[in-house]
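Below you'll find the structure, written out as structure tokens, and then a few comments.
Side chains are part of it too, since the values below use all heavy atoms of this structure and drop only hydrogens, waters and symmetry mates.
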Amino acid sequence: MHLGADARKREIYEGNPFLADERGGKKILSMKTAEDLRQLLYSIDRKGYPAYKGTKGSYRFGKYVLYIDHVQGDPFAAPSKLHVEVSGKTAGFPEQLYDKKHKRIALQDHLTRLFEEQARKYSFQAKGSGKSGILSVTRCGQEVLERSACALNPANGDIIVRFEAGFPANGRTINARELIKILFDFLPECVEKSLLYQNINSAKAQRVMELSEDQEFIRKELSKRELVAFVADGSVLPRESGISQRPMKGAVAFASPESMRVTMNLPYKGEISGMGIRKGITLIVGGGYHGKSTLLKALEMCVYPHIAGDGREYIVTDAAAVKIRAEDGRSIKHTDISMFINDLPNKKDTKAFYTEDASGSTSQAANVVEAMEAGASAFFIDEDTSATNFMVRDELMQRVIHRDMEPITPFIERMGAIYERFGISTVLVAGSSGAYFQVADKIVQMDRYVPRDITEAAKEAAAEYPGLSYPQDGTPAPEYARKPKKNPGVFHKGRIKIKTMGRDGVQLGHDTVDLRYVEQLADSEQLTCLGYILKLMEEDGFDGKKTVQEQIGSLLAQIEKKGFAAIVGKEVRNQGDIPGNLAMPRREEIFACMNRYRGLKL
């Protein structure tokens, strides 16, 4: 039976539920076919490169819809932006693989990796000048992050994958036949082998779901058992090299001390044991190169789930734990650091401390207070990257330099009260000062990458030394009263330009936000996302009435509701308006980015 035009349009809509009007209701859209695209490409072959602009639009292929969202200006410019949409019915993924948020994120991550693996085979197989022939999608690291490259609609299983393609040319003359190879030969293979359940390794997809369930189970157990982190026996902590996050071959497998061993019965893996780091103050000590910092690095990065085979997939850390370090030269915007620094000789106000060039001690003090403002549950601190005068003053120094002469109250004198009053634990790596033995609840020695519980012996040794004296001010709570307002100077012709500088920072207008020392950012795509967030805040968020906490809280509520569309802002009219190179940062990194933004007006 021959379908009428309206019936054909309805069929297109029903196979592609992403199409909706701005009010959220259904509307029938005209859509060209794959054959229409092929004929269009033949018609512009050997024309000037700008003729490619006419391909922008949507095209119905057999099992998916292809959207050409943005066409590059010439073959040497950034590649064109495209996305494909596959209906849930066609994709066919069982609902049990994505019926919870953590499962959905894990499956999206898995599908992105599958699509990238296929795209890599075909990238540059089509020939031409400049970026001709590129076929690429986000390349994921060891962490499982929520990314805009792949989106799965939990209501119906519909899948979107956003990717790039270099439209081929000879010089600046269109080579349409090579683009036909990409769109009609290579791309269908990528979709078939990565986004259709019937064609992928279903057992592996099942294992991805099972691992995400086990990781989420451990995360919930942390709270129930009053733990900061869990490190499974058999985990591989060392990495391949300083530039590779893959596990080191032949590394010593982790084995928990008996006194710290915790056993859990996971939903899929079953019984698992490992070291439980309890809330409070945990000290990690040992000789150089014995694995202290390696353990801390694993803990700080396992606020994110990791993929199978990483070696750290069964290491789980409280999601709100924050790495703290000194950060000489950073800007500080009216932050209350008075719980650590007071009575400066220059009479500078430390309840609203401001500087464009912080010292080691003031930067670390600000980092602690800002993490508290962000809602941190634990601090991870490495003595090697800390300001010594901020961290500790030994008994002899206290005798020689009286407390009244020293404006800094060191962290060692506050860490106990920070836990008791604010519930924030500390995991500290130390190698030079034994003063921490007096305040630690648990002391772990790393011996050739093997942890040993030496709490009892260390406490006995510490008892022979004079005790620390503590301040008598009761550890005052910092005040969080900053209310940012819009900075007109960041706009240029009514717009704000953003640029990501790898893992180093983001540029907003002419202001650079230095994020090199925000060490729990795992991917440059998180920095790109932070750039969009700052841009959105300058455009719509900063009003001089709401505090930083209130503004970020409001943003996070919108992100929970709308996803990446809430971050990109009012420009989003369809799925093609969401860039494919965003990865969601944590709440803590959003605070960290805002606090390092030199253009922040208060």
Side-chain donor/acceptor pairs under 3.5 Å, residues 495-503, sequence neighbours excluded:
from: T500; atom 1: OG1; to: T528; atom 2: OG1; distance (Å): 2.8
from: R503; atom 1: NE; to: L521; atom 2: O; distance (Å): 3.2
from: R503; atom 1: NH2; to: V518; atom 2: O; distance (Å): 3.3
from: R503; atom 1: NH2; to: L521; atom 2: O; distance (Å): 3.4

Give a yes-or-no answer on whether the side chains of [X] and [Y] include a donor-acceptor pair shorter than 3.5 Å.
X    : Y    : answer
D158 : S87  : no
R598 : N487 : no
T317 : E300 : no
E538 : Y597 : yes
T138 : R147 : no
S338 : D336 : yes
N581 : E525 : no

Between [Y] and [X], is there a salt bridge with N-O shorter than 4.0 Å?
X    : Y    : answer
K100 : E213 : yes
D514 : R516 : yes
D214 : R219 : no
E117 : R113 : no
K103 : E216 : no
E373 : R482 : yes

More than 12 heavy atoms of other residues, nucleotides or ligands under 6.0 Å from CZ of R421: is that the case?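 Counting other residues, nucleotides and ligands, CZ of R421 exceeds 12 neighbours.
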May I ask you to check whether over 12 heavy atoms, not counting those of K348, lie within 6.0 Å of atom NZ?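 Buried by this count: over 12 neighbours within 6.0 Å.
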Criterion side-chain hydrogen bond (donor to acceptor under 3.5 Å, both in side chains) on R596 and N367, from CA distance to verdict: CA-CA 10 Å; R596 285 158 181 77; N367 289 346; 3.0 Å; yes
Please identify each residue that fulfils salt bridge (charged side-chain N to carboxylate O under 4.0 Å, His left out) with R162, with sequence neighbours left out. none
According to the interplanar angle, ranging from 0 to 90°, do the rings of F61 and Y64 count as parallel (below 30°), tilted (30 to 60°) or perpendicular (above 60°)? parallel
Parallel, tilted or perpendicular for Y67 and H83, by the 30°/60° rule?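 Parallel: the ring planes of Y67 and H83 meet at under 30°.
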Centroid separation under 6.0 Å, is that true for the rings of F93 and Y98?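 So the answer is no for these two rings.
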Report yes or no: is the cationic atom of K323 (NZ for Lys, CZ for Arg) closer than 6.0 Å to the six-membered ring centre of F379, at no more than 45° off its axis? no
